[in-house]
Amino acid sequence: MSIVLGPNQYGKAEVRLVRVDRGTPRHRITDLSITSQLRGDFRATHESGDNTGVIATDTQKNTVYAFARNGVGSPETLLLRLARHFLAEPQVTGGRWRAEQYGWERIGADAAGGAPGAVGHDHSFVRGAAERRTALVHADDAGLTVLAGLRDVTVLKSTGSEFSGFPRDRYTTLPETDDRILATDVTAWWRYAPSFADAAGPTDYDERFAAVRALLLTTFAELHSLALQQTVFAMGRAVLEAFGDIAEIRLSCPNNHHFLVDLEPFGLDNPGEVFFAADRPYGLIEAAVQRSGDGPEHAVWSTIGGFV
Ligand SMILES: O=c1[nH]c(=O)c2[nH]c(=O)[nH]c2[nH]1
């Protein structure tokens, strides 16, 4: 038996990049965390420390900043530029480039009765919620694959959610309910079919991201939910029905339980108004929503940890 090197990749993780577009007095900021990882023929460095072919992780980081000098565009476009740049080196045969984008809102943008025209301060911002936009470009022998997604989009509906009809055994204590709070932090990744990037004209990843996000949220809001599982599948199905060039979508949604507090000891009723928001344990509902007849699992999914 001999010991051999298995799959490997390397690069710089979480390169923090803030880009200010100051072409007009009304600045725009793009705040990203980017991870670049290369795959290919890196046997020599692992086996003998021969770094002849190793593109230093420091160089990968610097490339991110240098590319940002000409503008970032969408996270997907920046990642595609990075992928194509590194893939031009003969020893690089694949890789994974990943971005998380943090939201900043203009200060004053939410002020009631604002003046017509541009809303919010020109160059002062307040960091938004925990929500992040995500993007990933995966390269292997089969070519480039683009995923887009979002993380930790916290949503809650105060009615329009039930949970009943589940089996009861000697360990079941959960009461059935026909009216509960449904709350979750939506994390989703969707995979663009090659036809999305191949369409005539520039691919508008920003516009598509906004449309998918809006559809996920309206579906959450409008479906009368009999289970979080039903809501999760409906959100994914709505996206695939609306966009033929999205091949599949995967969702991961914790059930952020809100338990009705028993106020009877205080001589009070509680008609669905006072809740205890538990943070753990939580249900965790995950599903891939796919088109029937699609082939085996796409290789990109094995590169994303902690996801169905
Ligand atoms: O929407 C739900 N799905 C479950 O599977 C489940 N299990 C549970 O205890 N509460 C809920 N809610």
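The analysis underlying the following values was restricted to heavy atoms, covering all of them including side chains, and did not include hydrogens, waters or symmetry mates. Note that ligands are numbered from 1 as they come in the structure, with each ligand's atoms numbered from 1 the same way. Source: prediction; values computed, not measured.
- With a 4.0 Å heavy-atom cut-off, ligand 1 is reached by the side chain of N255 but not by its N, CA, C or O.
- Side-chain atoms of V146 and L136, non-hydrogen and from C-beta on, never get closer than 4.5 Å to each other.
- Residue contacts with ligand 1 leave out G283, since none of its heavy atoms falls under 4.0 Å from the ligand.
- Just one residue in the list T154, D185, T184 forms a side-chain hydrogen bond (donor to acceptor under 3.5 Å, both in side chains) with N256, and that residue is D185.
- With sequence neighbours left out, the side chain to side chain donor-acceptor pair (under 3.5 Å) criterion links R132 to E100, D152.
- Checked by distance only, ligand 1 and F163 stay at 3.5 Å or farther apart across all their nitrogen or oxygen atoms.
- What sits closest to atom 9 (O) of ligand 1 on the protein, heavy atoms only, is L174 CD2, 3.4 Å.
- At least one heavy atom of R180 sits less than 4.0 Å from an atom of ligand 1.
- Taken together through direct or relayed side-chain contacts under 4.5 Å among Ile, Leu, Val, Met, Phe, Trp and Tyr, F220 and L223 form parts of separate hydrophobic clusters.
- Side-chain atoms of N270 come within 3.5 Å of backbone atoms of V261 as a donor-acceptor pair (strictly under, hydrogens ignored).
- Between D206 and R133 a salt bridge is recorded (basic side-chain N to carboxylate O distance below 4.0 Å).
- Every atom of ligand 1 with a heavy atom of L228 under 4.0 Å away is listed here by number and element: 1 (O), 2 (C).
- Counting protein heavy atoms only, atom 5 (O) of ligand 1 is closest to Q229 NE2, 2.9 Å.
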